[in-house]
K.L.:
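Please see the structure below; I have some questions.
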Amino acid sequence: MKPAPGTPPTRADLLFAAILLGICLVTALTQAVNCFPDDGWFQTQHRIIGHWPGADNYTPIAAPAYFHAATHALAALLTLNLAQELYLASMLQSGMLFCALLCTYQALRRLQVGPTIARSVTGGAAAYLLATLVTQAFWSENTMILLMAVLACLVARQIGHASPLRSRRANVARNLLLALVLSIAAITRVVPLILLIPLALVMVPRSGLANTLHSMATIVPAAALIIALAMLANAMRFDRLELSNSTGRHLWQSIYPIAPQMLHNHPAYPALQAAYPQLQKQDWWSIVPQKIPGYEHHSQETFLRELTLWAIKHHPGPWLRHGADKFFTMVLQPLPRIGLWYRIDPATNPLGRTSPLPPLVGEPWSLAWRALLDKVHTAFSAVHPALVLLPLLILLAPLPHRRMHTPPVWRLALAFYAVAFLSCLYISLQIEIALDRYTLPYAPFLAIMAGLTAQITTHAFRAATGSQPTTERAASP
(Lines give C-alpha, C1' and ligand atoms only; values in the text may rest on other atoms or scores of the structure.)
Protein backbone atom coordinates (compact mmCIF):
# COMPACT_ATOMS: atom_id res chain seq x y z
CA MET A 1 0.00 0.00 0.00
CA LYS A 2 2.92 2.31 0.61
CA PRO A 3 6.37 2.45 -0.99
CA ALA A 4 9.11 1.17 1.26
CA PRO A 5 12.00 3.54 1.96
CA GLY A 6 14.50 3.40 -0.85
CA THR A 7 12.08 1.80 -3.32
CA PRO A 8 13.01 2.90 -6.88
CA PRO A 9 10.33 4.70 -8.90
CA THR A 10 8.16 2.65 -11.20
CA ARG A 11 7.75 3.27 -14.92
CA ALA A 12 4.41 4.91 -14.17
CA ASP A 13 6.14 7.23 -11.71
CA LEU A 14 8.76 8.19 -14.28
CA LEU A 15 6.11 8.81 -16.94
CA PHE A 16 4.15 10.96 -14.51
CA ALA A 17 7.27 12.96 -13.64
CA ALA A 18 7.97 13.47 -17.34
CA ILE A 19 4.43 14.82 -17.86
CA LEU A 20 4.83 17.21 -14.92
CA LEU A 21 8.16 18.44 -16.28
CA GLY A 22 6.62 18.85 -19.72
CA ILE A 23 3.74 21.07 -18.62
CA CYS A 24 6.11 23.17 -16.48
CA LEU A 25 8.41 23.73 -19.45
CA VAL A 26 5.52 24.45 -21.83
CA THR A 27 4.26 27.13 -19.45
CA ALA A 28 7.74 28.65 -19.12
CA LEU A 29 8.16 28.77 -22.91
CA THR A 30 4.71 29.98 -23.92
CA GLN A 31 3.95 32.63 -21.28
CA ALA A 32 5.23 36.17 -20.90
CA VAL A 33 7.84 36.87 -18.22
CA ASN A 34 6.88 39.49 -15.65
CA CYS A 35 10.08 41.56 -15.73
CA PHE A 36 9.02 43.94 -12.95
CA PRO A 37 10.45 42.28 -9.81
CA ASP A 38 8.47 43.82 -6.97
CA ASP A 39 9.12 43.67 -3.21
CA GLY A 40 12.90 43.78 -3.68
CA TRP A 41 13.52 40.02 -3.78
CA PHE A 42 15.37 40.17 -7.10
CA GLN A 43 17.57 43.04 -5.90
CA THR A 44 18.63 41.28 -2.66
CA GLN A 45 21.17 39.23 -4.62
CA HIS A 46 23.39 42.32 -4.76
CA ARG A 47 23.63 42.55 -0.95
CA ILE A 48 24.78 39.05 -0.06
CA ILE A 49 28.40 40.16 0.25
CA GLY A 50 29.39 43.69 1.28
CA HIS A 51 29.03 46.33 3.96
CA TRP A 52 26.29 48.98 3.91
CA PRO A 53 26.17 50.58 7.38
CA GLY A 54 22.65 51.60 8.31
CA ALA A 55 21.19 50.71 4.90
CA ASP A 56 17.54 49.73 4.77
CA ASN A 57 17.07 45.99 4.24
CA TYR A 58 13.27 45.94 4.12
CA THR A 59 13.47 42.69 2.15
CA PRO A 60 15.53 40.03 3.97
CA ILE A 61 18.66 38.49 2.51
CA ALA A 62 17.16 35.03 2.26
CA ALA A 63 16.61 32.08 -0.07
CA PRO A 64 15.46 34.20 -3.07
CA ALA A 65 18.67 36.24 -2.87
CA TYR A 66 20.84 33.14 -3.23
CA PHE A 67 18.61 31.77 -6.00
CA HIS A 68 18.91 34.97 -8.04
CA ALA A 69 22.65 35.20 -7.33
CA ALA A 70 23.14 31.65 -8.61
CA THR A 71 21.03 32.48 -11.67
CA HIS A 72 23.11 35.61 -12.29
CA ALA A 73 26.34 33.59 -12.05
CA LEU A 74 24.99 31.07 -14.55
CA ALA A 75 23.85 33.88 -16.86
CA ALA A 76 27.33 35.43 -16.68
CA LEU A 77 28.88 32.08 -17.53
CA LEU A 78 26.57 31.82 -20.54
CA THR A 79 27.23 35.50 -21.45
CA LEU A 80 23.50 36.38 -21.29
CA ASN A 81 22.17 39.91 -21.07
CA LEU A 82 19.69 40.96 -18.35
CA ALA A 83 16.59 40.16 -20.38
CA GLN A 84 17.94 36.71 -21.18
CA GLU A 85 18.82 36.28 -17.50
CA LEU A 86 15.21 36.92 -16.55
CA TYR A 87 14.08 34.30 -19.05
CA LEU A 88 16.59 31.89 -17.51
CA ALA A 89 15.34 32.69 -13.99
CA SER A 90 11.78 31.96 -15.10
CA MET A 91 12.86 28.60 -16.53
CA LEU A 92 14.68 27.74 -13.31
CA GLN A 93 11.63 28.72 -11.25
CA SER A 94 9.61 26.31 -13.36
CA GLY A 95 12.19 23.69 -12.42
CA MET A 96 11.75 24.61 -8.76
CA LEU A 97 8.00 24.12 -9.06
CA PHE A 98 8.59 20.75 -10.73
CA CYS A 99 10.74 19.70 -7.75
CA ALA A 100 8.05 20.93 -5.36
CA LEU A 101 5.46 18.84 -7.18
CA LEU A 102 7.68 15.75 -6.95
CA CYS A 103 8.03 16.34 -3.21
CA THR A 104 4.26 16.67 -2.89
CA TYR A 105 3.73 13.40 -4.76
CA GLN A 106 6.38 11.67 -2.65
CA ALA A 107 4.73 12.95 0.53
CA LEU A 108 1.38 11.51 -0.51
CA ARG A 109 2.91 8.13 -1.32
CA ARG A 110 4.78 8.06 2.01
CA LEU A 111 1.43 8.64 3.70
CA GLN A 112 0.02 5.50 2.05
CA VAL A 113 -2.11 7.39 -0.45
CA GLY A 114 -2.72 5.25 -3.53
CA PRO A 115 -0.80 6.06 -6.71
CA THR A 116 -3.87 7.02 -8.72
CA ILE A 117 -5.08 9.52 -6.14
CA ALA A 118 -1.54 10.81 -5.53
CA ARG A 119 -0.97 11.44 -9.24
CA SER A 120 -4.38 13.02 -9.74
CA VAL A 121 -3.92 15.40 -6.83
CA THR A 122 -0.34 16.30 -7.76
CA GLY A 123 -1.38 16.87 -11.36
CA GLY A 124 -4.20 19.10 -10.19
CA ALA A 125 -1.79 21.04 -7.97
CA ALA A 126 0.54 21.48 -10.95
CA ALA A 127 -2.28 22.84 -13.11
CA TYR A 128 -3.56 25.17 -10.38
CA LEU A 129 -0.14 26.59 -9.51
CA LEU A 130 0.92 27.01 -13.11
CA ALA A 131 -2.35 28.80 -13.81
CA THR A 132 -1.32 31.45 -11.26
CA LEU A 133 1.77 32.09 -13.45
CA VAL A 134 3.84 32.31 -10.27
CA THR A 135 6.88 30.92 -12.08
CA GLN A 136 6.77 33.81 -14.58
CA ALA A 137 7.32 36.49 -11.90
CA PHE A 138 9.97 37.09 -9.27
CA TRP A 139 8.35 36.88 -5.88
CA SER A 140 9.50 34.93 -2.82
CA GLU A 141 6.55 32.56 -3.35
CA ASN A 142 8.59 30.48 -5.81
CA THR A 143 11.25 29.52 -3.27
CA MET A 144 8.71 29.24 -0.45
CA ILE A 145 6.57 26.74 -2.37
CA LEU A 146 9.63 24.54 -2.85
CA LEU A 147 10.73 24.87 0.79
CA MET A 148 7.25 24.05 2.09
CA ALA A 149 6.98 21.06 -0.26
CA VAL A 150 10.34 19.70 0.95
CA LEU A 151 9.25 20.25 4.55
CA ALA A 152 5.94 18.50 3.88
CA CYS A 153 7.79 15.54 2.38
CA LEU A 154 10.15 15.26 5.37
CA VAL A 155 7.23 15.36 7.81
CA ALA A 156 5.36 12.76 5.73
CA ARG A 157 8.31 10.44 6.09
CA GLN A 158 8.26 11.02 9.86
CA ILE A 159 4.55 10.20 10.00
CA GLY A 160 4.44 7.39 7.48
CA HIS A 161 7.61 5.53 8.49
CA ALA A 162 8.18 6.60 12.08
CA SER A 163 9.99 3.94 14.06
CA PRO A 164 11.61 4.12 17.48
CA LEU A 165 14.06 1.45 16.27
CA ARG A 166 15.58 3.63 13.56
CA SER A 167 19.29 4.22 14.09
CA ARG A 168 20.24 7.29 16.10
CA ARG A 169 22.50 8.54 13.31
CA ALA A 170 19.65 8.38 10.77
CA ASN A 171 17.33 10.22 13.15
CA VAL A 172 19.86 12.97 13.79
CA ALA A 173 20.56 13.41 10.06
CA ARG A 174 16.84 13.65 9.27
CA ASN A 175 16.19 16.09 12.10
CA LEU A 176 19.10 18.29 11.00
CA LEU A 177 17.76 18.34 7.44
CA LEU A 178 14.31 19.28 8.74
CA ALA A 179 15.85 22.06 10.86
CA LEU A 180 17.79 23.37 7.85
CA VAL A 181 14.70 23.58 5.62
CA LEU A 182 12.57 25.10 8.39
CA SER A 183 15.17 27.74 9.25
CA ILE A 184 15.72 28.75 5.62
CA ALA A 185 11.95 29.18 5.25
CA ALA A 186 11.81 31.18 8.50
CA ILE A 187 14.63 33.47 7.36
CA THR A 188 12.67 34.13 4.17
CA ARG A 189 9.35 34.52 6.02
CA VAL A 190 9.33 34.17 9.78
CA VAL A 191 5.87 32.55 9.79
CA PRO A 192 7.01 28.90 9.28
CA LEU A 193 8.51 28.87 12.78
CA ILE A 194 4.97 28.23 14.02
CA LEU A 195 5.23 24.76 12.45
CA LEU A 196 7.46 23.60 15.31
CA ILE A 197 4.34 23.22 17.47
CA PRO A 198 2.28 20.88 15.22
CA LEU A 199 5.50 19.09 14.27
CA ALA A 200 6.18 18.20 17.90
CA LEU A 201 2.56 17.17 18.46
CA VAL A 202 2.47 14.87 15.44
CA MET A 203 5.71 13.14 16.44
CA VAL A 204 4.42 11.97 19.83
CA PRO A 205 1.88 9.34 18.65
CA ARG A 206 4.26 8.07 15.95
CA SER A 207 7.61 8.03 17.76
CA GLY A 208 6.77 8.29 21.45
CA LEU A 209 7.35 11.13 23.87
CA ALA A 210 11.00 10.33 24.59
CA ASN A 211 11.97 10.18 20.91
CA THR A 212 9.97 13.34 20.21
CA LEU A 213 11.81 15.24 22.94
CA HIS A 214 15.11 13.94 21.58
CA SER A 215 14.19 15.03 18.04
CA MET A 216 13.06 18.49 19.12
CA ALA A 217 16.26 18.85 21.14
CA THR A 218 18.06 18.54 17.80
CA ILE A 219 15.68 20.49 15.55
CA VAL A 220 15.14 23.58 17.71
CA PRO A 221 18.80 24.39 18.55
CA ALA A 222 19.91 23.65 14.98
CA ALA A 223 17.25 25.94 13.51
CA ALA A 224 18.05 28.62 16.11
CA LEU A 225 21.75 28.41 15.23
CA ILE A 226 21.10 28.84 11.49
CA ILE A 227 18.78 31.81 12.10
CA ALA A 228 21.36 33.34 14.46
CA LEU A 229 24.03 32.99 11.78
CA ALA A 230 21.75 34.80 9.30
CA MET A 231 21.27 37.60 11.83
CA LEU A 232 25.02 37.78 12.42
CA ALA A 233 25.58 38.05 8.67
CA ASN A 234 23.15 40.99 8.59
CA ALA A 235 25.04 42.61 11.46
CA MET A 236 28.15 42.44 9.31
CA ARG A 237 26.27 43.87 6.31
CA PHE A 238 24.12 46.57 7.92
CA ASP A 239 25.47 46.92 11.48
CA ARG A 240 22.14 45.62 12.83
CA LEU A 241 21.59 42.20 14.41
CA GLU A 242 18.29 41.29 12.73
CA LEU A 243 16.74 39.33 9.88
CA SER A 244 15.27 42.40 8.20
CA ASN A 245 14.63 46.04 9.01
CA SER A 246 10.89 45.93 8.36
CA THR A 247 9.09 44.82 11.53
CA GLY A 248 7.43 48.19 12.10
CA ARG A 249 6.31 48.60 8.51
CA HIS A 250 4.85 45.09 8.30
CA LEU A 251 3.04 45.47 11.61
CA TRP A 252 1.68 48.88 10.55
CA GLN A 253 0.00 47.14 7.63
CA SER A 254 -1.69 44.87 10.15
CA ILE A 255 -3.17 47.71 12.23
CA TYR A 256 -3.70 50.76 10.03
CA PRO A 257 -7.35 49.95 9.10
CA ILE A 258 -8.10 50.15 12.86
CA ALA A 259 -5.33 52.64 13.74
CA PRO A 260 -7.64 55.28 15.30
CA GLN A 261 -9.08 52.64 17.64
CA MET A 262 -5.66 51.32 18.66
CA LEU A 263 -3.73 54.60 18.87
CA HIS A 264 -6.32 57.02 20.25
CA ASN A 265 -4.55 57.32 23.63
CA HIS A 266 -0.97 57.36 22.29
CA PRO A 267 0.83 60.69 22.98
CA ALA A 268 1.56 61.20 19.28
CA TYR A 269 -1.98 60.44 18.11
CA PRO A 270 -3.30 64.06 17.96
CA ALA A 271 -0.38 65.14 15.74
CA LEU A 272 -0.64 61.98 13.69
CA GLN A 273 -4.38 62.46 13.17
CA ALA A 274 -3.82 66.12 12.24
CA ALA A 275 -1.20 65.19 9.64
CA TYR A 276 -3.26 62.26 8.32
CA PRO A 277 -7.01 62.86 8.80
CA GLN A 278 -7.77 59.50 7.16
CA LEU A 279 -5.20 57.56 9.15
CA GLN A 280 -7.05 54.27 8.67
CA LYS A 281 -6.29 54.44 4.93
CA GLN A 282 -2.55 55.17 5.12
CA ASP A 283 -0.14 52.45 4.01
CA TRP A 284 3.29 52.50 5.62
CA TRP A 285 4.98 54.23 2.69
CA SER A 286 2.73 57.29 3.04
CA ILE A 287 3.61 57.92 6.70
CA VAL A 288 6.36 60.56 7.15
CA PRO A 289 7.56 60.79 10.78
CA GLN A 290 9.09 64.23 10.17
CA LYS A 291 5.54 65.60 10.14
CA ILE A 292 5.06 64.53 13.76
CA PRO A 293 6.54 66.79 16.49
CA GLY A 294 9.09 64.94 18.59
CA TYR A 295 9.78 62.36 15.88
CA GLU A 296 11.65 64.50 13.36
CA HIS A 297 14.82 62.42 13.72
CA HIS A 298 13.13 59.01 13.60
CA SER A 299 13.35 56.83 10.53
CA GLN A 300 10.08 55.60 9.12
CA GLU A 301 10.85 52.07 10.39
CA THR A 302 11.66 53.07 13.98
CA PHE A 303 8.65 55.39 14.17
CA LEU A 304 6.19 52.77 12.91
CA ARG A 305 7.77 50.04 15.04
CA GLU A 306 7.30 52.16 18.18
CA LEU A 307 3.70 52.97 17.27
CA THR A 308 2.64 49.45 16.35
CA LEU A 309 4.31 47.68 19.28
CA TRP A 310 2.75 50.20 21.67
CA ALA A 311 -0.67 49.70 20.06
CA ILE A 312 -0.47 45.89 20.16
CA LYS A 313 0.74 45.92 23.77
CA HIS A 314 -2.01 48.24 25.01
CA HIS A 315 -4.87 47.05 22.76
CA PRO A 316 -4.27 43.36 21.88
CA GLY A 317 -8.00 42.56 21.67
CA PRO A 318 -8.89 44.73 18.65
CA TRP A 319 -5.70 43.65 16.90
CA LEU A 320 -6.47 39.95 17.37
CA ARG A 321 -10.10 40.41 16.30
CA HIS A 322 -8.96 42.28 13.19
CA GLY A 323 -6.57 39.43 12.38
CA ALA A 324 -9.35 36.88 12.81
CA ASP A 325 -11.63 38.92 10.53
CA LYS A 326 -8.93 38.97 7.85
CA PHE A 327 -8.37 35.23 8.23
CA PHE A 328 -12.03 34.28 7.84
CA THR A 329 -12.29 36.63 4.87
CA MET A 330 -9.24 35.25 3.05
CA VAL A 331 -9.10 31.56 3.98
CA LEU A 332 -11.48 30.50 1.20
CA GLN A 333 -10.07 32.87 -1.43
CA PRO A 334 -8.51 31.08 -4.45
CA LEU A 335 -4.83 31.27 -5.27
CA PRO A 336 -4.15 34.62 -6.98
CA ARG A 337 -2.64 34.97 -10.45
CA ILE A 338 0.43 36.58 -8.98
CA GLY A 339 2.37 36.31 -12.24
CA LEU A 340 0.11 38.99 -13.73
CA TRP A 341 0.79 41.53 -10.98
CA TYR A 342 3.12 44.34 -11.93
CA ARG A 343 3.47 48.10 -11.78
CA ILE A 344 5.62 50.40 -13.87
CA ASP A 345 8.07 51.85 -11.36
CA PRO A 346 11.74 52.79 -11.94
CA ALA A 347 12.72 50.89 -8.77
CA THR A 348 11.18 47.65 -10.08
CA ASN A 349 11.86 48.01 -13.80
CA PRO A 350 15.47 46.98 -14.50
CA LEU A 351 14.85 46.73 -18.25
CA GLY A 352 13.01 50.03 -18.58
CA ARG A 353 10.06 48.34 -20.28
CA THR A 354 6.38 49.20 -20.31
CA SER A 355 5.15 45.61 -20.67
CA PRO A 356 6.30 42.08 -19.73
CA LEU A 357 8.87 40.21 -21.80
CA PRO A 358 7.17 38.35 -24.67
CA PRO A 359 6.94 34.53 -24.60
CA LEU A 360 9.84 32.55 -26.04
CA VAL A 361 7.30 30.63 -28.14
CA GLY A 362 4.94 33.01 -29.89
CA GLU A 363 1.43 32.79 -31.28
CA PRO A 364 -0.70 30.77 -31.72
CA TRP A 365 0.78 28.37 -29.15
CA SER A 366 1.21 30.99 -26.43
CA LEU A 367 -2.37 32.22 -26.78
CA ALA A 368 -3.80 28.69 -26.81
CA TRP A 369 -1.87 27.69 -23.67
CA ARG A 370 -2.82 30.95 -21.95
CA ALA A 371 -6.49 30.34 -22.74
CA LEU A 372 -6.17 26.85 -21.25
CA LEU A 373 -4.52 28.25 -18.10
CA ASP A 374 -7.31 30.82 -17.79
CA LYS A 375 -9.93 28.06 -17.84
CA VAL A 376 -7.96 25.96 -15.36
CA HIS A 377 -7.72 28.85 -12.92
CA THR A 378 -11.43 29.60 -13.26
CA ALA A 379 -12.29 25.96 -12.56
CA PHE A 380 -10.01 25.67 -9.52
CA SER A 381 -11.19 29.02 -8.17
CA ALA A 382 -14.70 27.59 -8.10
CA VAL A 383 -13.70 24.48 -6.13
CA HIS A 384 -11.06 26.12 -3.90
CA PRO A 385 -13.41 26.55 -0.90
CA ALA A 386 -14.15 22.82 -1.02
CA LEU A 387 -10.41 22.06 -1.00
CA VAL A 388 -10.19 23.88 2.34
CA LEU A 389 -13.50 22.86 3.93
CA LEU A 390 -13.77 19.16 3.03
CA PRO A 391 -10.58 18.13 4.89
CA LEU A 392 -11.86 19.95 7.96
CA LEU A 393 -15.21 18.18 7.70
CA ILE A 394 -13.43 14.83 7.44
CA LEU A 395 -11.45 15.64 10.59
CA LEU A 396 -14.42 16.89 12.58
CA ALA A 397 -17.06 14.38 11.47
CA PRO A 398 -16.68 10.95 13.15
CA LEU A 399 -17.17 7.97 10.88
CA PRO A 400 -20.29 6.09 12.01
CA HIS A 401 -19.27 2.45 11.56
CA ARG A 402 -16.22 0.52 12.66
CA ARG A 403 -15.66 -0.92 9.21
CA MET A 404 -15.33 2.62 7.88
CA HIS A 405 -12.59 3.66 10.29
CA THR A 406 -9.44 4.67 8.48
CA PRO A 407 -5.83 3.81 9.30
CA PRO A 408 -4.67 6.27 12.01
CA VAL A 409 -1.82 7.56 9.85
CA TRP A 410 -4.24 9.25 7.44
CA ARG A 411 -6.16 11.17 10.08
CA LEU A 412 -2.99 12.10 11.93
CA ALA A 413 -1.37 13.37 8.75
CA LEU A 414 -4.53 15.23 7.70
CA ALA A 415 -4.64 16.93 11.11
CA PHE A 416 -1.01 18.02 10.81
CA TYR A 417 -1.26 19.46 7.30
CA ALA A 418 -4.60 21.18 8.05
CA VAL A 419 -3.17 22.79 11.19
CA ALA A 420 0.02 23.73 9.31
CA PHE A 421 -1.91 25.34 6.44
CA LEU A 422 -4.39 27.22 8.60
CA SER A 423 -1.90 28.37 11.24
CA CYS A 424 0.61 29.67 8.69
CA LEU A 425 -2.12 31.53 6.84
CA TYR A 426 -3.55 32.95 10.06
CA ILE A 427 -0.19 34.22 11.35
CA SER A 428 0.60 35.74 7.93
CA LEU A 429 -2.67 37.67 7.97
CA GLN A 430 -2.37 38.61 11.65
CA ILE A 431 0.94 40.39 11.17
CA GLU A 432 0.29 41.84 7.72
CA ILE A 433 -2.37 43.33 5.46
CA ALA A 434 -5.01 41.02 3.99
CA LEU A 435 -3.56 39.63 0.73
CA ASP A 436 -4.58 36.41 -0.99
CA ARG A 437 -0.96 35.79 -2.06
CA TYR A 438 -0.16 34.58 1.48
CA THR A 439 -1.91 31.30 0.63
CA LEU A 440 0.52 30.46 -2.19
CA PRO A 441 3.57 29.34 -0.15
CA TYR A 442 1.46 26.76 1.66
CA ALA A 443 -0.18 25.30 -1.44
CA PRO A 444 1.74 21.98 -0.95
CA PHE A 445 -0.02 21.56 2.41
CA LEU A 446 -3.37 22.18 0.72
CA ALA A 447 -2.60 19.62 -1.99
CA ILE A 448 -1.68 16.96 0.57
CA MET A 449 -4.88 17.74 2.49
CA ALA A 450 -6.84 17.15 -0.72
CA GLY A 451 -5.04 13.86 -1.39
CA LEU A 452 -5.64 12.54 2.12
CA THR A 453 -9.29 13.61 1.97
CA ALA A 454 -9.75 11.74 -1.31
CA GLN A 455 -8.00 8.65 0.10
CA ILE A 456 -10.06 8.61 3.33
CA THR A 457 -13.31 9.11 1.41
CA THR A 458 -12.46 6.37 -1.08
CA HIS A 459 -11.45 3.98 1.69
CA ALA A 460 -14.65 4.66 3.65
CA PHE A 461 -16.84 4.13 0.60
CA ARG A 462 -15.16 0.86 -0.35
CA ALA A 463 -15.25 -0.39 3.21
CA ALA A 464 -18.95 0.43 3.45
CA THR A 465 -19.73 -1.42 0.21
CA GLY A 466 -17.49 -4.37 1.01
CA SER A 467 -15.21 -3.81 -1.97
CA GLN A 468 -12.07 -3.33 0.15
CA PRO A 469 -10.56 -5.23 3.06
CA THR A 470 -11.48 -3.84 6.46
CA THR A 471 -8.99 -1.83 8.47
CA GLU A 472 -8.06 -4.90 10.49
CA ARG A 473 -6.80 -6.67 7.37
CA ALA A 474 -5.44 -3.64 5.54
CA ALA A 475 -1.76 -2.89 5.52
CA SER A 476 -0.79 -1.26 8.79
CA PRO A 477 1.38 1.84 8.81
Side-chain angles (χ1 to χ4, degrees), residues 24-25 27-52 54-97 130 132-146 187-189 233-234 237-238 243-246 249-250 283-286 300-301 336-362 366 370 435 437 440-441:
C24 288
L25 289 177
T27 302
L29 292 171
T30 62
Q31 299 308 298
V33 173
N34 185 337
C35 56
F36 307 95
D38 212 340
D39 253 11
W41 294 105
F42 181 79
Q43 292 84 349
T44 55
Q45 63 177 302
H46 304 302
R47 286 190 167 178
I48 294 176
I49 300 175
H51 188 214
W52 304 271
D56 184 19
N57 64 316
Y58 173 85
T59 305
I61 312 301
Y66 294 95
F67 166 76
H68 288 300
T71 303
H72 181 71
L74 180 58
L77 185 65
L78 299 174
T79 64
L80 303 181
N81 59 35
L82 182 55
Q84 292 168 331
E85 180 180 332
L86 293 178
Y87 279 117
L88 176 63
S90 173
M91 295 286 289
L92 293 177
Q93 287 180 163
S94 295
M96 289 168 59
L97 179 59
L130 287 170
T132 68
L133 298 172
V134 62
T135 57
Q136 304 305 103
F138 305 104
W139 300 83
S140 63
E141 275 73 7
N142 288 288
T143 51
M144 284 298 297
I145 289 171
L146 176 59
I187 292 167
T188 305
R189 291 189 177 183
N234 276 341
R237 295 180 183 114
F238 309 110
L243 288 178
S244 72
N245 188 37
S246 59
R249 285 169 283 185
H250 281 293
D283 290 284
W284 67 258
W285 50 83
S286 64
Q300 189 180 51
E301 171 59 27
R337 308 198 77 180
I338 195 171
L340 300 178
W341 297 1
Y342 68 88
R343 57 194 175 98
I344 309 299
D345 186 308
T348 60
N349 191 5
L351 296 177
R353 292 180 58 88
T354 58
S355 61
L357 288 169
L360 290 172
V361 175
S366 60
R370 174 61 182 276
L435 286 176
R437 59 175 275 218
L440 266 171

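It should be emphasised that the depicted structure is a prediction, and the values quoted were computed from it without experimental measurement.
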K.L.:
Tell me the closest heavy-atom pair linking A65 and Q45, and the distance in Å.
P.N.:
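In this case the closest contact between A65 and Q45 is O-CB, 3.5 Å.
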K.L.:
Anything under 30° is parallel, anything over 60° is perpendicular, the rest tilted; go ahead and classify H72 against H46.
P.N.:
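Geometry flag for H46 against H72: perpendicular rings.
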K.L.:
Can you name the closest pair of heavy atoms from R353 and P358 and give their distance?
P.N.:
NH2-CD, 3.9 Å
K.L.:
Assess R47 against W52: is NZ or CZ under 6.0 Å from the centre of the six-membered ring, and within 45 degrees of the ring's axis?
P.N.:
yes
K.L.:
Can you list the steps and then say if F36 with I344 is a side-chain contact (heavy atoms from CB on, under 4.5 Å)?
P.N.:
CA-CA 7 Å; F36 307 95; I344 309 299; 3.5 Å; yes
K.L.:
Do other residues, nucleotides or ligands put more than 12 heavy atoms under 6.0 Å from the CD1 atom of I49?
P.N.:
no
K.L.:
Using every non-hydrogen atom in the two residues, find where A75 and E85 come nearest and quote the distance to one decimal.
P.N.:
CB-CG, 3.7 Å
K.L.:
Using side-chain heavy atoms (C-beta onward) and a distance below 4.5 Å, is T44 in contact with P60?
P.N.:
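SC-SC contact between T44 and P60 ruled out.
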K.L.:
Please check if the side chain of N142 supplies one atom and the backbone of L92 the other of a donor-acceptor pair under 3.5 Å.
P.N.:
no
K.L.:
Rounded to the nearest 0.5 Å, what's the gap from CD1 on I338 to CG on L133? Could you check?
P.N.:
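Result: 10.5 Å between the selected atoms.
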K.L.:
Check this for me, if you would: do R249 and D56 make a salt bridge, where the nitrogen-to-carboxylate-oxygen distance has to be below 4.0 angstrom?
P.N.:
yes
K.L.:
Drop me the distance from L86's CG to Q93's CD, to the nearest 0.5 angstrom.
P.N.:
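L86 CG to Q93 CD: 9.5 Å, rounded to 0.5 Å.
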K.L.:
Provide the closest heavy-atom pair for P441 versus R189 in the form atom of the first, atom of the second, distance.
P.N.:
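Nearest pair, atom of P441 first, then R189: CG-NH1, 3.1 Å.
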K.L.:
Parallel, tilted or perpendicular: which fits the ring planes of H250 and Y58, with parallel below 30° and perpendicular above 60°?
P.N.:
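The rings of H250 and Y58 lie parallel, inter-plane angle below 30°.
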K.L.:
Could you tell me whether the side chain of N349 and the main chain of G352 form a donor-acceptor pair under 3.5 Å?
P.N.:
yes
K.L.:
Within the distance-only criterion (no hydrogens, no angle test), does the side chain of N34 pair as donor or acceptor with the backbone N or O of W341 below 3.5 angstrom?
P.N.:
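Checked: pair present.
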K.L.:
Is the backbone of N81 close enough, under 3.5 Å, to the side chain of Q84 for a donor and an acceptor to pair up by distance?
P.N.:
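Looks like yes, one N/O pair under 3.5 Å.
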K.L.:
Does some side-chain heavy atom of M144 sit less than 4.5 Å from a side-chain heavy atom of W139?
P.N.:
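No, side chains not in contact.
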K.L.:
When rounded to the nearest 0.5 angstrom, what distance separates CD in E141 from OG1 in T132?
P.N.:
9.0 Å
K.L.:
Once rounded to the nearest 0.5 Å, what's the spacing between atom CG of L351 and atom SG of C35?
P.N.:
5.0 Å
K.L.:
Given side chains that start at C-beta, do those of F138 and V33 come closer than 4.5 Å, heavy atoms only?
P.N.:
yes
K.L.:
May I ask you to test the N245-F238 pair for a side-chain heavy-atom distance under 4.5 Å?
P.N.:
no
K.L.:
Between T71 and F67, is there a donor-acceptor pair closer than 3.5 Å when you use the side chain of the first and the backbone of the second?
P.N.:
yes
K.L.:
Rounded to the nearest 0.5 Å, what separation is found between the CG atom of L97 and the OG1 atom of T27?
P.N.:
9.0 Å
K.L.:
Should S140 and D39 count as side-chain neighbours, where that means a heavy-atom distance under 4.5 Å?
P.N.:
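Sidechains of D39 and S140: no contact.
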K.L.:
What's the separation between atom CG in N57 and atom CG in L243, rounded to the nearest 0.5 Å?
P.N.:
9.0 Å
K.L.:
Any side-chain heavy-atom pair from M96 and T143 closer than 4.5 angstrom?
P.N.:
yes
K.L.:
Tell me the closest heavy-atom pair linking S366 and Q31, and the distance in Å.
P.N.:
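The answer is O-NE2, 3.4 Å.
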K.L.:
Are side-chain heavy atoms of S246 and T59 found at a separation under 4.5 Å?
P.N.:
no
K.L.:
Do you know the tightest heavy-atom contact between W41 and T188?
P.N.:
CH2-O, 3.6 Å
K.L.:
Between I61 and N234, is there a side-chain heavy-atom distance shorter than 4.5 Å?
P.N.:
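Answer yes - side chains close enough.
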